[in-house]
Amino acid sequence: MKRRSAIKNLLIIAGGIAILPSCSQESGKASIQLNNLDINQNQEDLLAEITETIIPKTDSPGAKALNLHLFVLKMVDDCHDKDDQKSFINGLSELDKLSKKQFSKSFNEASQAQRTQLLQLLESDKETNDDMYRFYAITKRRTIQGFLNSKYVMKDLKRYELIPGRYDGYASANEITKSAS
Amino acid sequence: MSNLNIDSIKERTFDAIVIGSGISGGWAAKELTEKGLKTLVLERGRDVKHVVDYPTTNMYPYEFEHRGEVPLATQEAAPIVNRCYAFREDAMHFFVKDNEHPYIQKKPFDWIRGYQVGGKSLLWARQTQRWSDYDFEGPARDGFAVDWPIRYKDIAPWYSYVEKFAGISGNKDRLNELPDGDFLPGYPLNAVEDYFKGVLKTKYPNRHVISARCAHLSKPNPIHIEQGRVQCQNRVLCQRGCPFGGYFSSNSSTLPWAEKTGNLTLRPFSVAHSIIYDEQKGKAIGVKIIDTNTKEEIDYFARIIFVNAAALNTNLILLNSKSNRFPNGLGNDAGVLGKYVAFHNYSARISAEYDGLKEFKTTGRNPAGGGYIPRFRNVLKQETDFLRGYAAGFSAHRGFDNDVSKVGESLKNGLLNPVLGPWRVGSHMMAETLPKEESYVSLADNEKDAWGIPLLNISIDYDDNDAKMKADYIEQLTEMFTVAGFKNIQANTAGQAPGLDIHEMGGARMGNDPKTSILNKWNQLHHCSNVFVTDGACMTSTSTQNPSLTYMAFAARSVDYAINEMKKNNL
């Protein structure tokens, strides 16, 4: 048991799944193992703040607390093609540059209001095939996916039933159940 | 090798051998062992024990590394199986990956396979509709393939027999084109499915929406409890393997049952190379296998042999069973072995929205998947410019509409307090295709697999009849949806290669005439009486119904016949 809990401590829990931490002890590297993306600690921190701006901490946990930025990285690393990955890396720094241009501050130095304002600006042009917009569209989609599929939402908030044990084809639409069939 | 050692031969001799442990092989094994025959079941893949070998069965979606998505590298390495709807992170370990078992596509064909104990019975969609005489009489009436050597009355008692044991849920719908069975209670339709059923009843008297019949234990009987299975818990995570035994699979039902008799020997990692034919005795005496791990060639012997390797692999084994008597494959005097292969055309679907009945939603999950529309074209007589017809799935669901246009707290609030969207409805076509001589499988001339067995050539395609039928499906369903007041109707005719329906059938068809068919009315080779084929390879035509239930009934019926023949010393 000791060995098992030791291994558990080594894993990073992102929204419920365990991700292997980076083998590299080198400082300045991303905290999880990535096969295709080359991400440093600064970029990871930037991504964390972007996801936190998308889904902030309120009276419930936000993206950072759920490690959704690591989930985004994991998905982009394993489930997106090279083009997406390239846009993702470029777009991430483009966004930071835009922040500097708009507010004379990096994204992470900007206020929460400024951060939100910046992302809202991107909302309108999400379909544009520019690296920054593509980065934003991927990040937002994956952040939302990670959130809705997190242990917090699925299990703690009871939004997902593993064993429904029933089917009602005429349930009242007003009945308060949070789970979608 | 110790093939000459008498003790060793004894150890390798059984009363019966079953090649394949999937849905039909499992049934053959159950019936044979129950009747007291020492039975060897050969499975080319690994063992999958009920419950203990279902590694993902109790996982929450967030426990999957990629939330169910198959990583891109895996997808790109296996583009064929990746097109299968069930090839997802939770069940991909039960599917054959493209590069593991190559085959030759003379024409595009997505061959979806599950090489393990239980085969695809772990993964199937569990739809179980009976055939009627409108189906069995099809080839004779419409002049294609050959006449089926049986009629509904021949198989009806065997449908009942397998339904009672497997556990089939459904309603007594009293439709001649889709006979009722021995059912457990049916799963109900939901508000919009019922509504559509009502619309059809008024406007199209011969078109029906029924609750799809499925192999789930809606209310188990003692026979199911005795199998160690309990009531289906509406998880609808079936493709992972079910810890409740809520749906029927070889793993949850027939194989453990066979094992309990003490007469079953299961040998995984055993790919059948060929059936051994004895020229003097004039019959088959056993099966040559190759141990997939050691690559050792081993012969097993038995009085009777059931070939249940799944349709196309059964063809491959028979074609590869060459002897002086049968230079073109076992029992292939007619020269039709491997030919007249057909499938189900699943290449059209249609979806829409419905604004009404907003006072309702669904909760829980429906294992039956919703409604089923039995074939309504050309049932009583020929009435269109295409032959035969199609059945259709029909289902409605109501999910949440998440507003994802915002950022920050308002987005989060929206996600945590979602609002119900409109009802969405969908249908998919399940069309009969016509078996043709030019739709065939054959052995590759030179290419062999890792065990020295020839690769399979597959050459199967759609034809004009399929195209006309598909157009009719879209036209009719669009009209029916319009009449029902559904909006935003969208047809999807993007198409898919044959095979992705996973209903490939034929190649060793049944028939009355040994000159034009391979099997007789008992699924017995016309020219090698102790070999039986009761999987998809036996099918003379395809009709529209999901075929597995019919394979189960054929297997049980055929074993019963074989045992009687053995008692009479005819085998």
Side-chain angles (χ1 to χ4, degrees), chain A residues 14-19 35-36 53-58 60 62-63 71 74-75 77-81 112 115-117 119-120 122-123 140-141 144-155 157 159-175 177-181, chain B residues 58-76 187-194 218 231-237 243-244 357-368 370 396-400 402 404-409 411-413 415-418 420:
Chain A
I17 58 155
I19 302 180
N35 299 317
N36 301 301
T53 307
I54 295 169
I55 298 183
K57 176 179 185 302
T58 50
S60 59
F71 172 71
K74 179 77 183 158
M75 294 305 280
D77 193 49
D78 288 344
C79 298
H80 285 256
D81 62 19
Q112 184 161 344
R115 291 176 190 182
T116 308
Q117 192 190 331
L119 295 194
Q120 265 160 356
L122 297 182
E123 257 328 298
K140 186 170 181 191
R141 174 164 82 84
I144 290 171
Q145 181 195 21
F147 182 68
L148 290 176
N149 287 284
S150 66
K151 181 167 183 282
Y152 170 72
V153 171
M154 284 197 146
K155 200 170 184 185
L157 299 184
R159 281 279 293 274
Y160 176 83
E161 294 176 289
L162 188 64
I163 307 174
R166 71 184 190 297
Y167 176 63
D168 183 353
Y170 282 85
S172 163
N174 300 320
E175 181 194 327
T177 49
K178 287 178 174 170
S179 63
S181 58
Chain B
N58 285 322
M59 286 169 69
Y60 275 82
Y62 53 80
E63 293 175 300
F64 290 95
E65 208 175 357
H66 305 94
R67 300 299 195 275
E69 257 176 74
V70 177
L72 198 63
T74 311
Q75 290 189 40
E76 285 173 348
Y187 287 94
L189 297 176
N190 66 34
V192 169
E193 290 159 358
D194 264 337
S218 56
Q231 186 171 328
C232 166
Q233 296 298 306
N234 309 68
R235 295 171 8 125
V236 195
L237 301 172
F244 300 98
L357 293 166
K358 286 203 162 149
E359 62 273 36
F360 297 115
K361 65 175 180 180
T362 65
T363 65
R365 293 190 280 272
N366 183 0
H397 73 280
R398 196 173 180 197
F400 293 122
N402 287 314
V404 294
S405 66
K406 301 193 174 68
V407 179
E409 265 190 61
L411 170 69
K412 191 178 179 189
N413 280 336
L415 295 176
L416 291 177
N417 302 288
L420 283 167

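Naming convention: chains lettered A, B, ... in sequence-line order (proteins, then strands); numbering from 1 in each chain.
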Quick one: pull up [atom1] in [X] and [atom2] in [Y] and give me the separation to the nearest 0.5 Å.
| X | Y | atom1 | atom2 | answer |
| --- | --- | --- | --- | --- |
| A:Asn149 | B:His66 | CG | NE2 | 13.5 Å |
| B:Arg67 | A:Leu148 | CZ | CG | 10.5 Å |
| A:Asp77 | B:Leu72 | CG | CG | 11.0 Å |
| B:Tyr62 | A:Met154 | OH | CE | 8.5 Å |
| A:Ile163 | B:Phe244 | CD1 | CZ | 4.0 Å |

Part of A:Asp81 within contact of chain B (heavy atom distance under 4.5 Å) | both
Using heavy-atom distances under 4.5 Å, tell me whether [X] contacts chain A through its side chain, its backbone, both, or neither.
| X | answer |
| --- | --- |
| B:Tyr187 | neither |
| B:Leu415 | both |
| B:Asn402 | side chain |
| B:Glu359 | backbone |
| B:Leu189 | backbone |

For the pair A:Lys140 (side chain) and B:Val404 (backbone), establish whether a donor and an acceptor sit closer than 3.5 Å, ignoring hydrogens and angles.
-> yes
With distance as the sole test, does B:Lys412 use its side chain to make a donor-acceptor pair with the main-chain N or O of A:Ser60 at under 3.5 Å?
-> yes
Test the B:Arg365-A:Tyr160 pair against the cation-pi criterion, namely NZ or CZ under 6.0 angstrom from the six-membered ring centroid and within 45° of the ring axis.
-> yes
Hey, mind stepping through A:Val153 and B:Leu416 against side-chain contact (heavy atoms from CB on, under 4.5 Å) and telling me if it holds?
-> CA-CA 8 Å; A:Val153 171; B:Leu416 291 177; 4.2 Å; yes
Identify which of A:Cys79, A:Gly169, A:Ala171 forms the greatest number of heavy-atom pairs closer than 4.5 Å to chain B.
-> A:Ala171
Closest non-hydrogen contact found for A:Pro164 with B:Gly364 is CB-CA, 3.8 Å
For A:Leu162 and B:Asn58, work out which heavy atoms get closest and say how close.
-> CD2-O, 3.6 Å
Do you know which of [options] has the most heavy-atom pairs with chain A at a distance under 4.5 angstrom?
| options | result |
| --- | --- |
| B:Gln75, B:Glu193, B:Lys406, B:Met59 | B:Lys406 |
| B:Glu76, B:Gln231, B:Glu409 | B:Glu409 |
| B:Asn234, B:Asn190, B:Asn413 | B:Asn234 |

For residues [X] and [Y], determine if any side-chain heavy atom of one lies less than 4.5 Å from a side-chain heavy atom of the other.
| X | Y | value |
| --- | --- | --- |
| B:Tyr60 | A:Lys155 | yes |
| B:Asp194 | A:Tyr170 | yes |
| B:Glu69 | A:Gln145 | yes |

Show your working on side-chain contact (heavy atoms from CB on, under 4.5 Å) between B:Leu411 and A:Ile55 and close with a plain yes or no.
-> CA-CA 7 Å; B:Leu411 170 69; A:Ile55 298 183; 4.1 Å; yes
Check the surroundings of atom NZ in B:Lys358: do more than 12 heavy atoms from other residues, nucleotides or ligands lie under 6.0 Å from it?
-> yes
